[in-house]
Amino acid sequence: MNNSKKLIGMYEAMLDTLGPSHWWPGDSPFEIAIGAILTQNTNWKNVEKAIGNLKEHNLLTPQALYALDSDKLAELIRPAGYYNIKTRRIRNFLSFLKSEAEFDLLQLKNHSLDELRPKILAVNGIGPETADSILLYALDFPTFVVDAYTARMMNRHGLVHEDIDYHELQALFVDALPENVSVYNEYHALIVRVGKDWCKKKKGLCESCPLQPFLD
DNA sequence: ATCCGGTGCA
DNA sequence: TGCACGGGAT
């Protein structure tokens with residue numbers, strides 16, 4: 001089976017067994033963008049606490065967060081871990097949002113994907129995965145998100161080396177799939193769900209995995 | 001003890 | 001290529 005058919009087959013298998021994911025959880029594009037920064041190498045449950053704290057204080061708007069002291073912000077996002085560095089990263093993103101789009105995330109959609117992605121990547125603290133997550137899940141741009149789960153899952157299926165470069169891994173999916181926001185959205189979400197519940201770090205639960213039929 | 005929707009810096 | 005960043009859940 002060629003690569004494209006295999007990747008499409010895996011997608012269909014996951015969707016059939018797990019159902020749609022309804023990603024990204026969040027009430028607004030801005031909440032999704034902040035969540036993308038907060039969830040860097042961090043369990044989503046911890047991110048939810050941090051976002052809950054911000055909501056509770058009515059601070060989940062660009063203007064309110066921008067006006068907030070670093071110390072206050074750090075304390076509120078503390079449950080998400082790495083709170084000092086993430087405070088800096090959020091503030092970097094807010095400065096970018098102010099200068100580039102008058103605090104209006106949707107104004108970023110006036111750019112093409114190809115010119116916007118490098119601009120977001122230039123923000124210190126926003127790497128390729130966070131940038132693509134914001135572009136896809138907050139702004140509906142057709143860019144495919146890959147992550148540690150993706151590399152692990154693909155590696156265990158013998159398709160890539162474990163430490164494959166981000167953009168190489170991404171290209172594998174882009175080349176195999178139709179350029180479609182809904183498919184990109186759902187595919188990454190399904191991989192994360194499979195990664196959490198079956199393709200675990202220590203020992204994969206391959207026998208019961210939705211992707212078991214695709215193992216060799 | 002181990003892991004988590006990573007990233008930047010030496 | 002290593003390493004720091006970090007609280008919370010299992």
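Reminder, nothing fancy here: chain letters follow the sequence lines and each chain counts from 1.
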Query - Cation-pi check, A:Lys6 onto A:Phe214 ring (under 6.0 Å, within 45° of axis) - result: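 A:Lys6 over A:Phe214 ring: no.
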Query raised in the report: Given that A:Tyr166 and A:Gly195 both sit by DNA chain B, which one's nearest nucleotide is further toward the 5' end?
Result: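 Whichever sits nearer the 5' end wins; that is A:Gly195.
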Query raised in the report: Starting at the 5' end of DNA chain B and moving along, which residue's nearest nucleotide shows up first, A:Asn43 or A:Ile126?
Result: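 The residue mapped nearer the 5' terminus is A:Asn43.
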For [X] and [N], give me the distance from atom [atom1] to atom [atom2], rounded to whole Å.
| X | N | atom1 | atom2 | value |
| --- | --- | --- | --- | --- |
| A:Leu169 | B:dG6 | CG | P | 13 Å |
| A:Ile37 | B:dG6 | CD1 | P | 13 Å |
| A:Lys201 | B:dT2 | NZ | C1' | 10 Å |
| A:Ile90 | B:dG6 | CD1 | C1' | 14 Å |
| A:Tyr82 | B:dT7 | OH | P | 12 Å |
| A:Gln40 | C:dC3 | CD | P | 21 Å |
| A:Ile85 | C:dC3 | CD1 | P | 17 Å |
| A:Asn46 | C:dT10 | CG | P | 10 Å |

**Report entry** Nearest listed nucleotide, side chain of A:Glu129, among B:dC9, B:dC4, B:dG6
**Finding:**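 Looking only at heavy atoms from C-beta outward on A:Glu129, the closest nucleotide is B:dG6.
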Query raised in the report: Nearest to the side chain of A:Lys202 - B:dT2, B:dC9, B:dC4?
Result: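 Of all the options, the side chain of A:Lys202 is nearest to B:dT2.
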Report task. Would you kindly say whether A:Asp163 and A:His161 are connected by a side-chain donor-acceptor distance under 3.5 Å? Result ->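 Looking only at side-chain atoms, A:His161 and A:Asp163 do form a donor-acceptor pair, the distance falling under 3.5 Å.
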How would you label the contact of [X] with the nucleic acid (heavy atoms, under 4.0 Å): base, sugar-phosphate, or nothing?
| X | answer |
| --- | --- |
| A:Ala80 | base |
| A:Lys45 | nothing |
| A:Val146 | nothing |

Query - A:Glu100 and A:Lys119 ion-paired at < 4.0 Å - result: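 Yes, charged N to carboxylate O under 4.0 Å.
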Query raised in the report: Under a 4.0 Å N-O cut-off, is there an ion pair linking A:Lys45 with A:Glu48?
Result: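 Between A:Glu48 and A:Lys45 there is a salt bridge, with a charged N closer than 4.0 Å to a carboxylate O.
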Report task. Look at the side-chain N and O atoms of A:Arg78 and state whether any lies under 4.0 Å from the OP1 or OP2 oxygen of C:dC5. Result ->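 So the side-chain polar atoms of A:Arg78 never come under 4.0 Å of the phosphate oxygens OP1 or OP2 of C:dC5.
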Query raised in the report: Looking only at side-chain N and O atoms, does A:Tyr83 come under 4.0 Å of OP1 or OP2 in C:dG7?
Result: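 Looking at the OP1 and OP2 atoms of C:dG7, one of them is under 4.0 Å from a side-chain N or O of A:Tyr83.
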Query raised in the report: Does any N or O donor sit under 3.5 Å from an N or O acceptor when you compare the side chain of A:Thr42 with the base of C:dG6?
Result: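 Yes.
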**Report entry** Exam field: side chain A:Asn185 to backbone A:Trp23, donor-acceptor pair closer than 3.5 Å
**Finding:**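 Between the backbone of A:Trp23 and the side chain of A:Asn185 there is a qualifying donor-acceptor contact (under 3.5 Å).
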Query raised in the report: Relative to the 5' end of DNA chain C, which residue comes earlier, A:Asn84 or A:Lys49, by the nucleotide with the nearest heavy atom?
Result: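 Counting from the 5' end, the first nearest nucleotide belongs to A:Asn84.
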Query - P spacing across the pair C:dG6 / B:dC9, given as an integer number of angstrom - result: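 Straight-line distance between the two P atoms is 15 Å.
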